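Below: the structure, in structure tokens.
So that the names make sense, note that chain A is the first sequence line, chain B the second, and so on, each numbered from 1. No experiment lies behind these values; they were computed from the predicted model shown.
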2 protein chains.
Amino acid sequence: MKFDDKVPIYYQIKTHLYHEMLNGQLTAGAQLPPVRQLAVDLTVNVNTVQRALGEMITEGTLTSQRGKGNFVTTDTTRLAQLKDQLVMAQLAQTYDQLHAFNLTDAEILTSLKQYIEKRGIAQ
Amino acid sequence: MKFDDKVPIYYQIKTHLYHEMLNGQLTAGAQLPPVRQLAVDLTVNVNTVQRALGEMITEGTLTSQRGKGNFVTTDTTRLAQLKDQLVMAQLAQTYDQLHAFNLTDAEILTSLKQYIEKRGIAQ
DNA sequence: CCTAGTGTCCCATTTAACTATTACACTATA
DNA sequence: TATAGTGTAATAGTTAAATGGGACACTAGG
């Protein structure tokens with residue numbers, strides 16, 4: 001897997017798993033691939049995978065069963081909450097960034113709108 | 001200055017200076033504070049400041065005059081181009097991220113609209 | 001009971017970012 | 001010409017991320 005060298009790999013693995021948990025590839029209660037397999041898939045060391053999973057277990061988005069595997073939480077409320085939280089963080093980051101470039105609220109909205117439109121044409 | 005420990009400090013300094021260059025605090029041709037002063041202001045080592053400036057000089061957004069100081073480029077076309085580039089990168093990142101969470105184009109737009117509205121109330 | 005498949009932990013090593021410190025090079029000006 | 005203010009470079013030390021390799025613990029199934 002490709003990584004951005006400006007962000008720790010373990011952190012990008014968390015983001016990657018969040019995506020899979022929130023777009024249907026990994027549903028509530030689903031079992032994750034074994035850590036050793038994940039390490040191979042992501043072309044990364046097992047310890048690095050473990051660090052990402054460890055944090056997600058602490059956060060309550062994953063559960064671990066020694067000898068059996070790692071699983072997505074069955075708490076769908078928790079998952080919905082996670083999605084909200086991640087979406088909000090992303091929106092806030094973009095808003096702050098563009099606002100710092102002196103774009104007004106209206107300009108921020110229209111620039112996103114135009115970006116999406118142009119993107120549709122480009123594809 | 002506060003830094004996000006998930007991103008290299010020198011990189012955050014670049015972002016910080018881009019903001020100042022694109023929101024009027026540092027206009028075309030303006031002289032930057034001395035590197036030693038910047039280091040103090042940002043509570044960071046001179047070498048770290050130098051690394052950020054070095055990259056910006058290579059990129060052509062800053063120029064350096066030994067013995068005199070560092071200056072914002074006078075090439076306003078270059079600055080406009082920089083702004084476009086940074087805004088686009090930010091929009092692309094947000095779009096990709098939210099799209100990976102299974103939001104449709106319409107949902108992405110309305111979620112940003114709602115975020116901005118709620119934000120206005122909260123303030 | 002044994003074995004294969006899991007998660008977990010530990011240790012040593014490497015690498016990159018950052019810091020601290022010192023020295024050098026150029027410019028302007030008194 | 002001397003000095004203060006500037007950028008630039010070099011070196012050494014610290015820290016955190018990531019790697020590599022090994023060992024241990026638990027579970028399921030033959």
Side-chain angles (χ1 to χ4, degrees), chain A residues 1-18 20-21 26-75, chain B residues 1-18 20-21 26-75:
Chain A
M1 178 173 160
K2 271 185 12 183
F3 292 103
D4 176 355
D5 67 2
K6 296 289 182 306
V7 181
I9 292 176
Y10 82 91
Y11 201 80
Q12 296 181 63
I13 293 175
K14 285 180 67 175
T15 302
H16 174 74
L17 292 174
Y18 285 148
E20 296 201 330
M21 290 167 62
L26 281 175
T27 54
Q31 178 168 11
L32 273 66
V35 289
R36 291 172 180 81
Q37 184 59 45
L38 275 176
V40 171
D41 294 348
L42 302 171
T43 57
V44 128
N45 190 272
V46 178
N47 294 317
T48 308
V49 172
Q50 194 62 33
R51 172 154 186 191
L53 298 186
E55 291 196 0
M56 296 174 77
I57 290 163
T58 302
E59 293 165 7
T61 52
L62 294 182
T63 60
S64 163
Q65 294 183 251
R66 197 182 186 114
K68 294 172 112 177
N70 292 306
F71 303 83
V72 178
T73 179
T74 55
D75 181 351
Chain B
M1 177 172 161
K2 270 184 16 186
F3 293 103
D4 176 355
D5 66 2
K6 296 289 183 303
V7 181
I9 292 176
Y10 82 91
Y11 201 80
Q12 295 180 64
I13 293 175
K14 285 179 68 175
T15 302
H16 173 73
L17 292 175
Y18 285 148
E20 296 200 331
M21 290 168 61
L26 282 175
T27 55
Q31 178 167 12
L32 273 66
V35 291
R36 291 170 180 83
Q37 185 58 44
L38 275 176
V40 172
D41 294 348
L42 302 171
T43 59
V44 127
N45 189 274
V46 178
N47 296 317
T48 308
V49 172
Q50 194 62 32
R51 173 156 186 189
L53 298 186
E55 291 196 359
M56 295 174 78
I57 290 164
T58 302
E59 292 164 7
T61 52
L62 293 184
T63 60
S64 164
Q65 293 183 252
R66 197 181 187 116
K68 295 172 113 177
N70 293 305
F71 302 82
V72 178
T73 179
T74 54
D75 180 352

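When each of B/P8 and A/P34 is assigned the nucleotide of DNA chain C bearing its nearest heavy atom, the one mapping closer to the 5' terminus is A/P34. Mapping A/Y11 and A/Q65 onto DNA chain D by nearest heavy atom places A/Y11 closer to the 5' end of the strand. Nucleotides of DNA chain D nearest to A/N47 and B/Q50 differ in position, and the one nearer the 5' end is that of B/Q50.
Distance B/E55 CD to C/dC18 C1': 14 Å, rounded to the nearest Å. Atoms CG (B/L38) and P (C/dC18) sit 16 Å apart, rounded to a whole Å. The CG atom of B/N70 sits 10 Å away from the C1' atom of D/dT8 (whole-angstrom rounding). Protein atom CZ of B/F3 is 17 Å distant from nucleotide atom P of D/dA16, rounded to whole Å. As rounded to whole Å, 16 Å separates atom C1' of C/dT8 from atom CG of A/L32. Remark: C1' of D/dT6 and CD of B/Q31 are 9 Å apart, rounded to the nearest angstrom. When rounded to the nearest whole Å, the span between OH of A/Y10 and P of D/dA17 equals 5 Å. C/dA17 atom P lies 13 Å from atom CD1 of B/I13, rounded to whole Å.
Among the nucleotides C/dG7, C/dA20, D/dT19, the one closest to any side-chain atom of B/N45 is C/dA20. Picking from D/dT19, D/dG7, C/dG7 the nucleotide with the shortest atom distance to the side chain of A/R66 gives C/dG7.
Phosphate proximity of D/dG5 to B/R36: absent, as no side-chain N or O sits under 4.0 Å from OP1 or OP2. One finds a side-chain N or O of B/K68 lying less than 4.0 angstrom from the OP1 or OP2 phosphate oxygen of C/dA28. The side chain of B/T48 places no N or O atom within less than 4.0 Å of a non-bridging phosphate oxygen (OP1 or OP2) of C/dA17.
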For a side chain to side chain contact (heavy atoms under 4.5 Å, CB included) check, start with the C-alpha distance between A/L62 and A/T73, then their side-chain angles and the critical distance, and finish with the verdict. CA-CA 5 Å; A/L62 294 182; A/T73 179; over 6 Å; no
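Checked by atom type and distance alone, the side chain of A/T43 pairs as donor or acceptor with a backbone atom of A/M1 at under 3.5 Å. Of the possible donor and acceptor atoms, none in the side chain of A/Q65 sits under 3.5 Å from a partner among the backbone N and O of A/N70.
As judged by a 4.0 angstrom heavy-atom cut-off over every strand, B/D5 is placed among residues making no nucleic acid contact.
Using a 4.5 Å heavy-atom cutoff, the side chains of B/M56 and B/Y18 are in contact.
Open room surrounds OH on A/Y11; 12 or fewer heavy atoms of other groups in view lie less than 6.0 Å from it.
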